[in-house]
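Here's the structure we're looking at; comments come further down.
The shown structure was predicted, so the numbers you read here are calculated from the model rather than taken from an experiment. Chain A is the first sequence line, chain B the second, and so forth, proteins listed ahead of strands; every chain is numbered from 1.
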Amino acid sequence: MNAGLPGTGIGGVFYLLSALWMPFHELRKTLRRKSRPQRMRLIFVQLSIALGIIAGIWLTGWLLGELMMMRGWLAFKQGTAATATNTLPNVIRVTMVFLTIGLLVVVVSGVHILKLVMRYRKPAHSCNSRVKPAAVVDS
Amino acid sequence: MSSHRPYEHFLAISQITHRNTKVHALESHVPKCFFCRRAFCHESYGPKTVLSITVAMNDTCLLEVSRQARAPIDSGLTVIIPAYNEAESVADTIRSLQEQTRIPDEIIIVDDCSSDGTGDIARTFGVTVVRPATNTGSKAGAQSFALPMVKTKFVMAIDADTTLAPDAIEKLQVAFEDPGVASACGFVLPRRVRTLWERGRYIEYLFAFTFYKQVQDYYGKPMISSGCFSMYRTHVLQAHGGWSTRTLAEDMDLTWTFYQTGHKVRFIPEAVAYPIEPYNYEFMSKQLRRWSHGFVQNVKLHWKGLLEVPYLRSAVAVVTWDAVIASLAFLFVLPLLALILQKPWLLLGYIIDIPALLIPLVAGAWPRNEFGRALSSLPAFFVLRVVNAVFFLEAVWSEWVRRRSFMVYEKGH
């Protein structure tokens, strides 16, 4: 069912940002009078999940950092480490987060650029021989 | 009371009765005559009452009443069940369909030359059983074999090892109130959660259907209308040639084709289906091989067309990136880094995203009272994820690098 590896990589960040964007997207729809009240619950639930994930990741990073600090301190006390550092890495560094988001931006922008290139190269392409002319819609 | 003939009045009642044979289902809406809008009270609205009224009004035999009620149904539904050696599970599937709050008008079993008596079992339930002259070779082939026989406005495809929640069809059909919707799918959860593989799949589904797929649906682009449980507008499906056999993931192929032709696809989380998932490595490997090759084949086939589909193009791009890069990181980069740098804590990378998984899992499991099951199944997911990575890399290598397309449909489950 699911291609890719759920939870890992830029895919997870993509859906996280998509969920965080929902209220703004809905606001835009509201201004255009295209909003639907029944979507509010979905937005609330998904936004809560996204915020929960962020909190969970931050908590994990903090906990791991604390654990490693403790390990370094113990090593220092036993004389097996030269120095106990109080700058041991917070495992989820801000730079890592920005790196992942940056990578996501590169991939998504790459797709957009590819779209423009393909439009320029072949203005009226038909990608799929099976596709019939658009929108057969019921009355 | 009304300006139309009694027969027309009765027909309107019969239609509603036929669609909702259970009295409690009728209570969800006030039944009205289609012509004069007269409402009927519940006391006089049981199926038996309606039949006695119709006989009195029209003096028609019950069989005729039934047929008249069937023919003009505007939202008729046929269910196609492709089945190859599904004797163990097909009875449960048919039973679950016949116990729906919205009973299908016709159930067609495509007995794809089974050798275990699948067709005979299906016939005992009074459903239509068709059998092609030779095995069609794939689920898509079997489904498309039955498609020309469908005369109703809607058609549903369901696997022969899948059962539905009692109100699944009723909930799913709501999606088609929007005339632009060509297909709708529901929430899928494994029926059995016992072995390592079933548990891993349970977490995968619970996570994806609670988080990813609902976000996709908000932006109007669910990535796949799942093959094991989806409903379609029949004429749109027929106009697209049914389910294609050109890739191993016919559901993904069809969904992406719908988007490119301007149709909508919906995901309805309230409609729940329970398929039997692979319980051992042998079946799981067949299924993963089919899915991973199917995904790569679809990306190869549709990539140009997908560029014109907002949101989906980004979703597919990041999924493809992850399928390749995250798989490489999982299988090679992490263990090598831990070994070369002599830092075993780097192996925490395999489980570092537990909180990212846990939050949607809790959100999905809590309302279902499955929190304990989800928590106990979580370790199995990490095993399945690594195995997934192996199969994806193999598919990418085979389909993109070596350009050898794998087209053998091996039944997994």
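- When the side-chain contact (heavy atoms from CB on, under 4.5 Å) test is applied to T320(B), the partners found at least two apart in sequence or on another chain are F295(B), V299(B), V316(B), W400(B).
- The two residues G12(A) and Y212(B) make their nearest non-hydrogen contact at CA-OH, 3.4 Å.
- With a threshold of 4.5 angstrom between heavy atoms, I354(B) does not approach chain A through any atom at all.
- Scanning residues 22-31 of chain A against chain B with a 4.5 Å non-hydrogen threshold yields M22(A), H25(A), E26(A), sorted by number.
- The CD1 atom of I57(A) lies 8.0 Å from the CG atom of D353(B); values are rounded to the nearest 0.5 Å.
- Heavy-atom distances place the side chain of Y219(B), and not its backbone, under 4.5 Å from chain A.
- Rounded to the nearest 0.5 angstrom, Q214(B) CD and I49(A) CD1 are separated by 7.0 Å.
- No more than 12 heavy atoms of other residues, nucleotides or ligands shown are found within 6.0 angstrom of NZ on K343(B).
- Heavy-atom pairs under 4.5 Å with chain A were tallied for F258(B), W256(B), Y218(B), F211(B); the largest tally goes to Y218(B).
- Here the closest heavy-atom approach between residue P355(B) and residue I53(A) is recorded as O-CG1, 4.5 Å.
- For chain A, the nearby parts of S314(B) are the backbone and the side chain; heavy atoms of each come within less than 4.5 Å.
- Residue L59(A) does not touch chain B at all, counting heavy-atom pairs closer than 4.5 Å.
- I43(A) touches chain B through its side chain: at least one heavy atom from C-beta onward sits under 4.5 Å away, while N, CA, C and O do not.
- Residue L42(A) touches chain B through its side chain alone, counting heavy-atom pairs closer than 4.5 Å.
- Between atom CG of residue L348(B) and atom OG1 of residue T60(A) there is a gap of 10.5 Å, rounded to the nearest 0.5 Å.
- When all heavy atoms of Q46(A) and T210(B) are compared, the closest pair comes out as NE2-O, 3.1 Å.
- With a 4.5 Å cut-off on non-hydrogen atoms, A315(B) touches chain A through its backbone and its side chain both.
- In this structure, the portion of L104(A) lying under 4.5 Å from any heavy atom of chain B is its side chain and not its backbone.
- Donor-acceptor pairing under 3.5 Å is recorded for the side chains of S18(A) and Y311(B).
- When all heavy atoms are compared, the tightest approach of L307(B) to M118(A) is CD1-CG, 3.6 Å.
- Closest approach of A317(B) to V107(A), counting heavy atoms only: CB-CG1, 4.0 Å.
- Contact check for W321(B) versus L103(A): side-chain heavy atoms found under the 4.5 Å cut-off.
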